[in-house]
Visitor: 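What follows is a structure written as structure tokens; I'll ask about it next.
Order of appearance sets the numbers: ligands from 1, and atoms from 1 within every ligand. Keep in mind that this is a model prediction, so the values were computed, not measured.
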Amino acid sequence: MNISNDIKYIGVNDHKIDLFEGQYIVPNGMAYNSYVILDSKIAVLDTVDYDFKDEWLDNLAKVLQGRKPDYLVVHHMECDHSSIIKEFNRLYPEATIVSTMAAFNMMKNLFGAEFNPNKLVVKEGDILSLGNNTLKFIQAPNVHWPEVMFSYDEYEKVLFSADAFGKFGANDVEDDEGWACEARRYYFGIVGRFGVNVANVLKKVSSLDIKTICPLHGPILNDNIEYYVGLYDTWSKYEPENKGVAIAYTSVYGNTKEAVLYLASKLKSLNVEVEAFDLARDDMAEAVERAFEYDRLVLATTTYNGGIFPFMDSFINTLVEHNYQNRRVAFIENGMWGPMAIKTMKLKLEGLKDITYLDSNITIKGHVNDDSKLALDKLAEELAK
Ligand code: FEO
């Protein structure tokens, strides 16, 4: 695939993967992107996951047509992009590896002290000239690891954005939901904790004239660049993207679920967009994604071992780790004796920025009765405001 006359795609699609990064379901597979810039000098940009070594090296050889690469630019050292660096160096020992000092330190750990390629350490603003194409390097620490950098080809106006602007899903599968849904789940799962760092790098690239974004995962973005950058801007600032209510719940015998479904149907009757997630059965990463997408969240769970049900514990831990903030939150607890869930959930959320708690919290003692329904009606009205 050609990105431009000089920039070629040599990435691969992974349809064998069960869990990306060991935890995220990827029903449409995953793409590991890699690029080559063919100019007077040749730069290869990142490698791919080790399972695709032969396919990637074949893709590279086809594009090189007998020429030798001068550089391997390493934007990110996570293994889905870096694991073939050593093999690349064995096959093309004259090529210089270009990356940040932090990345070279990681290479030492990953490939051993004996790994000693030709090196070029780059930092913010450094330029690598390949002929017409020139790569300008932009440090992007913690988007997603500390060594990450972007690069910008001033000639082609292409931003190589490492993990940023990536999404779940292989590139040979049409994503019926459009770009944003799986890009959002990917962002809040993988990069979401580092909103400040994402905002910092967005500020740095805001002055660039970008015609194409080439991320390390997902499709190449070459139209409506403002749309993608705008979403990243919203996400990085933890601003709600859409108005609506995410309900995350656990239910052991169906009573808490009944309360949640009652609340959801009330909210719908009030024209409020609502999505409910059974944390034990639905994809938790999607529940996290929706919690960040919407401006309101309801947490509903059972009192369990004097605290809360394990799946809710894990969900709230993820929200806290990912700097959840700037939202309205309400609680529903269930407990036949000594209900403790609301107290426990509030304690866990303590310290998060700009969380507003609604007044109408609900305690159910086992079964949803008429009083519970009246309380849920009141909560729906408060949420709808
Ligand atoms: Fe796609 Fe952070 O690796």
Visitor: Salt-bridge test for Lys123 and Asp126: reply yes if a basic N is under 4.0 Å from a carboxylate O, no otherwise.
Guide: yes
Visitor: With carbon and hydrogen excluded and only N/O/S kept, which atom of His217 is nearest atom 1 (Fe) of ligand 1?
Guide: NE2
Visitor: Under 2.8 Å from atom 2 (Fe) of ligand 1, is there an N/O/S atom belonging to Asp80?
Guide: no
Visitor: Is Glu350 salt-bridged to Lys346, going by a charged N under 4.0 Å from an acidic O?
Guide: no
Visitor: Do you see an N/O/S atom of Glu78, backbone or side chain, under 2.8 Å from atom 2 (Fe) of ligand 1?
Guide: yes
Visitor: With no hydrogens and no angle check, do the side chains of Ser314 and Asn317 hold a donor and an acceptor under 3.5 Å apart?
Guide: no
Visitor: May I ask you to check whether His144 brings an N, O or S atom to under 2.8 Å from atom 2 (Fe) of ligand 1?
Guide: yes
Visitor: Vertex atom 1 (Fe) of ligand 1: angle to OD1 of Asp163 and NE2 of His81, to 10°?
Guide: 90°
Visitor: Just checking, any donor-acceptor pair under 3.5 angstrom between side chains of Tyr32 and Asp46?
Guide: no
Visitor: Between the side chains of Glu293 and Asn242, is a donor N or O closer than 3.5 angstrom to an acceptor N or O?
Guide: yes
